[in-house]
*Asks:* 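One structure follows; several queries about it will come next.
Numbering of ligands and ligand atoms starts at 1, following listing order. Atoms considered below: every heavy atom in the structure, side chains included; atoms not considered: hydrogens, waters and symmetry mates.
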Amino acid sequence: MSQLLTPPAADLSALETLALDVARACGRLIVDQRPGDLGVAATKTSLTDVVTIMDQRSEALARELLTQARPEDGFHGEESSRVPSRSGLTWVVDPIDGTVNYLYDIPAYAVSVAAVVGDPAVPGGWEPVAAAVVDPVAEEAHVAHRGGGARLLSPAGERALGIREGTELGAALLGTGFGYEARVRADQGQVIAAVLPEVRDIRRRGSAALDLCWVADGRLDAYFERGLHEWDLAGGWLVVTEAGGVVRGLAGAHLADPFTIAGPTGLVDRLDALLERVATPR
Ligand code: LIP
């Protein structure tokens, strides 16, 4: 992966600022213009895998703003057609991560905007270099760029993030999530049954991007999930690694193929060993 060309540090800081500005604009849109009669505009992998008109509007706004600012870059969003990159950079956008929460007006959703090098459509062929994950209800933004560390911007101020080391598995508060297909959920339920007795507790909040950011800021000790897409993952991945954590797959495999595990190295190693014992690889 190191052979992927990373832009100079000054450019990375500017890319982080652009990601933050775009994610905040989309966050304001989905909160301020949420229709009272919000419904399901479409479904994807199953009847429970929903898209709302605000997912579509948020992604359209992100695409417009990013194309205006950097017309040579590629675009890779959850809800619309992809644009190949002419600059070596591609923007990976989840316009609402936690769509079901948004549909039910549960305040646990985010806008994730990440600049990546490589091709995000190729597993293992890309990595994020600048990112912003915005929780528009909490007015929190987790931001990071390659080599620049990770920060949390909130109404309480700004703080640099450093992942918490030293938590044993039995004392760990884990985040996780579930897919939308019944057969995958059956497997995931079996994994949860095996993991739950081994840890402090599990939180299932419904947004991978927010869960990954909470690992970076200490509100979770670690996170695991099977079957994440690149748009769920891109922003939070960089926030975790720039806060000093690791994000990877089972047994050191590439992340999201199919598992993603995130947290401090020692705890990820122990969680990995547990998941290898209890999880069906596919
Ligand atoms: C969500 C993920 C979450 C997962 C949910 C859903 P979406 O993404 O962020 O981790 O558990 O089932 O896939 O669909 O809201 O963009």
*Asks:* Using a strict threshold of under 4.0 Å (side-chain N to carboxylate O), is an ion pair present between D272 and R248?
*Replies:*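 Here R248 pairs with D272 in a salt bridge, since their nearest N and O are under 4.0 Å apart.
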*Asks:* Run the salt-bridge test on R34 and D32 with the 4.0 Å N-O cut-off and return the result as yes or no.
*Replies:*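 So R34 does not pair with D32 through a salt bridge.
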*Asks:* With sequence neighbours left out, what residues match H76 under ring-ring contact (aromatic ring centres under 6.0 Å, His included)?
*Replies:*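 In terms of ring-ring contact (aromatic ring centres under 6.0 Å, His included), with neighbours along the sequence ignored, H76 is linked to W231.
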*Asks:* Would you call E79 and K44 a salt bridge, taking side-chain N to carboxylate O under 4.0 Å as the test?
*Replies:*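 Yes.
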*Asks:* Indicate yes or no: does D187 engage R226 in a salt bridge with an N to O separation below 4.0 Å.
*Replies:*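 Salt bridge flag = yes for R226 with D187.
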*Asks:* Give the ring-plane orientation class for F259 versus F224, where under 30° counts as parallel, over 60° as perpendicular and anything between as tilted.
*Replies:*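 Parallel, since the angle between the ring planes stays under 30°.
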*Asks:* Enumerate, one pair per line, all nitrogen or oxygen atoms of ligand 1 lying under 3.5 Å from a protein nitrogen or oxygen, stating the separation to 0.1 Å; write 'none' if no such pair exists.
*Replies:*
unit_1	atom_1	unit_2	atom_2	d
ligand 1	8 (O)	D97	OD1	3.1
ligand 1	8 (O)	D232	OD1	3.3
ligand 1	9 (O)	D97	OD1	2.6
ligand 1	9 (O)	D97	OD2	3.1
ligand 1	9 (O)	A208	N	2.8
ligand 1	10 (O)	A208	N	3.2
ligand 1	10 (O)	E225	OE1	2.7
ligand 1	10 (O)	E225	OE2	3.4
ligand 1	11 (O)	F178	N	3.2
ligand 1	11 (O)	F178	O	3.3
ligand 1	11 (O)	R204	NH1	2.9
ligand 1	11 (O)	R204	NH2	3.2
ligand 1	11 (O)	E225	OE1	3.4
ligand 1	11 (O)	E225	OE2	2.8
ligand 1	12 (O)	F178	O	2.6
ligand 1	12 (O)	R204	NH2	3.3
ligand 1	14 (O)	Y180	OH	2.9
ligand 1	15 (O)	G98	N	2.7
ligand 1	15 (O)	T99	N	2.8
ligand 1	16 (O)	E78	OE1	3.3
ligand 1	16 (O)	D94	OD2	3.3
ligand 1	16 (O)	D97	OD1	3.4

